[in-house]
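Throughout, protein chains are lettered first and strands after them, A, B, ... in sequence-line order, and every chain is numbered starting at 1. These figures come from a predicted structure and were not determined experimentally.
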2 protein chains.
Amino acid sequence: MQSTASISEWPETKRNLVDAGVRLMRARGFNATTVDDICAAAGVTKGGFFHYFKSKEEIAKAAVSRFSAGKSEDFREAPFRKLADPLDRVFGRLEFARKSTGGTTHLTKGCLVGMLAQELSFTHPELRGACEDSFSRMAIDFETDLAEAKAAHAPQAEFDPKEVAMLYVTIIQGSLMLAKTSKSNAVLHRNLEQFRQYLHALFGRSDRSHGKSRA
Amino acid sequence: MQSTASISEWPETKRNLVDAGVRLMRARGFNATTVDDICAAAGVTKGGFFHYFKSKEEIAKAAVSRFSAGKSEDFREAPFRKLADPLDRVFGRLEFARKSTGGTTHLTKGCLVGMLAQELSFTHPELRGACEDSFSRMAIDFETDLAEAKAAHAPQAEFDPKEVAMLYVTIIQGSLMLAKTSKSNAVLHRNLEQFRQYLHALFGRSDRSHGKSRA
DNA sequence: CGTTACATACCAACCAGTCTGTATGCAATC
DNA sequence: GATTGCATACAGACTGGTTGGTATGTAACG
């Protein structure tokens, strides 16, 4: 079975199950997704499901890992990563985050981690922990660039890169929630734009505007 | 039955049911809360429940209304509301929001609206609408002070009070989610503090620090 | 005597998880 | 290289408990 093997080496059936789990739980949440739903979506029967996962909770954990790793990879391989100046990477990340949610028309499907964090934090300790880790990694990834940018461009500034990175995660998650609720990701774009301006303020007025400024 | 009567005139049994619904759904979400749970918590039987609510979804809507109205009232009656200067009310609101979540030890129970918005936006259109309205009212309430403060203190500033108010809601919601996940509302405090500094920047450097500044 | 406000028993659907069966590959044995 | 044996990878039927909702009764009240 080898459930701890790198996910890319998992048998196809198991990957299909996890993919289906990600898709369904992302849209409906944990409780509203039945293992029969997952089986049907993956073209597998119950026998197959419980051969690979000992419980529904376990596939949820695998789904969080997979989703999380996927997003992680998207950002690790994004063009902005190659920019030499860490401050360019900071703002490049915001641009990339904005673009990766599609235009104002194309609405976001939301974040699986946010969904499960909200739904299960009080009832499923292990899932809560998995979500916490996912958020934490997302923050630390940003924090790295932020700290380098601070050292290079504003060493005397008073902000704490860790706190700013957490605010970033907060804004992303909050925005995705509001985007779902309002059926438009315009909020997400506007919030990221404001966060960008906050960063400008933190780094002093070296206005390296990557987007358009206001009319 | 008169389900549209002002909630304060509802019979006690009905209010008990809604209160129980708020408490349970706030902690476990919609799907993980059974109507039997609600009945037990309210000390009512199924018959009583379905006498007042025609479905589980309907009590969820009532719960959102009640929770929403309750929070609304908390803010409407908060001390900061009496401050003459709108900018003082702006920062006073942040202080009040911070305090109303308790100290760093006492952990937040989360926001029912955020919970249901996340869980049901894609599957229950009416609930999604109810959550959207709730967020919207929360934003507009802040927007009012913000617009007045801008007119009085920074009429030439470029920010849009509506966008800033939405960012506020975003940060609150995102923070509550991260607070649940990390089992500490320290994130919420740090995020609000940063938002306060963002507002300072928007309103120019008239440093009216209500809290302590950084060491 | 009709309406409101519940209580209780009940039901059909659903759902996570189990059990048993079976096809397939692979390795040791003859 | 045929046979045996065993593990893996599923399929599909089954189950026990749960759940939203209903049907029916009945006590109080106006």
Whole angstrom is fine here: how far is it from [atom1] in [X] over to [atom2] in [N]?
X: A:Asn16; N: D:dA9; atom1: CG; atom2: C1'; result: 14 Å
X: A:Arg15; N: D:dA9; atom1: CZ; atom2: C1'; result: 15 Å
X: A:Lys14; N: D:dA9; atom1: NZ; atom2: C1'; result: 12 Å

Is there side-chain contact between [X] and [Y], with heavy atoms separated by less than 4.5 Å?
X: A:Phe53; Y: A:Leu17; value: yes
X: B:Arg26; Y: B:Arg23; value: no
X: B:Phe91; Y: B:His200; value: yes
X: B:Glu77; Y: B:Arg81; value: no
X: B:Asn185; Y: B:Leu178; value: no
X: B:Tyr168; Y: B:Met138; value: yes

key: Contact under 4.0 Å: B:Thr13 side-chain N or O vs C:dA5 OP1/OP2   = no
message = So, does B:His51 get its side chain near the phosphate of C:dA5, meaning an N or O under 4.0 Å from OP1 or OP2?
response = yes
request  = Estimate the overall bend of the helix from C:dC1-D:dG30 to C:dC30-D:dG1 from the end axes over five pairs each, rounded to 10 degrees.
outcome  = 10°
Distances under 3.5 Å only, N/O to N/O: pair up the protein atoms with those of nucleotides 14-18 of chain C.
from	atom 1	to	atom 2	distance (Å)
C:dA16	OP1	A:Lys56	NZ	3.1
C:dA16	OP2	A:Val35	N	3.0
C:dG17	OP2	A:Lys56	N	2.9
C:dG17	O6	A:Lys46	NZ	2.6

Geometric cation-pi criterion, B:Lys150 with B:Phe203: 6.0 Å, 45° =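 No, B:Lys150 does not lie over the aromatic ring of B:Phe203.
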Listing, residues 28-46 of chain B side-chain donor-acceptor contacts under 3.5 Å, not counting sequence neighbours, or none:
from	atom 1	to	atom 2	distance (Å)
B:Arg28	NH1	B:Asp37	OD2	2.8
B:Asn31	ND2	B:Glu119	OE2	3.0
B:Thr33	OG1	B:Gly29	O	2.7
B:Thr34	OG1	B:Asp36	N	3.4
B:Thr34	OG1	B:Asp37	N	2.9
B:Thr34	OG1	B:Asp37	OD1	3.3
B:Thr34	OG1	B:Asp37	OD2	3.2
B:Asp36	OD1	B:Lys46	NZ	3.3
B:Asp37	OD2	B:Thr34	N	3.3

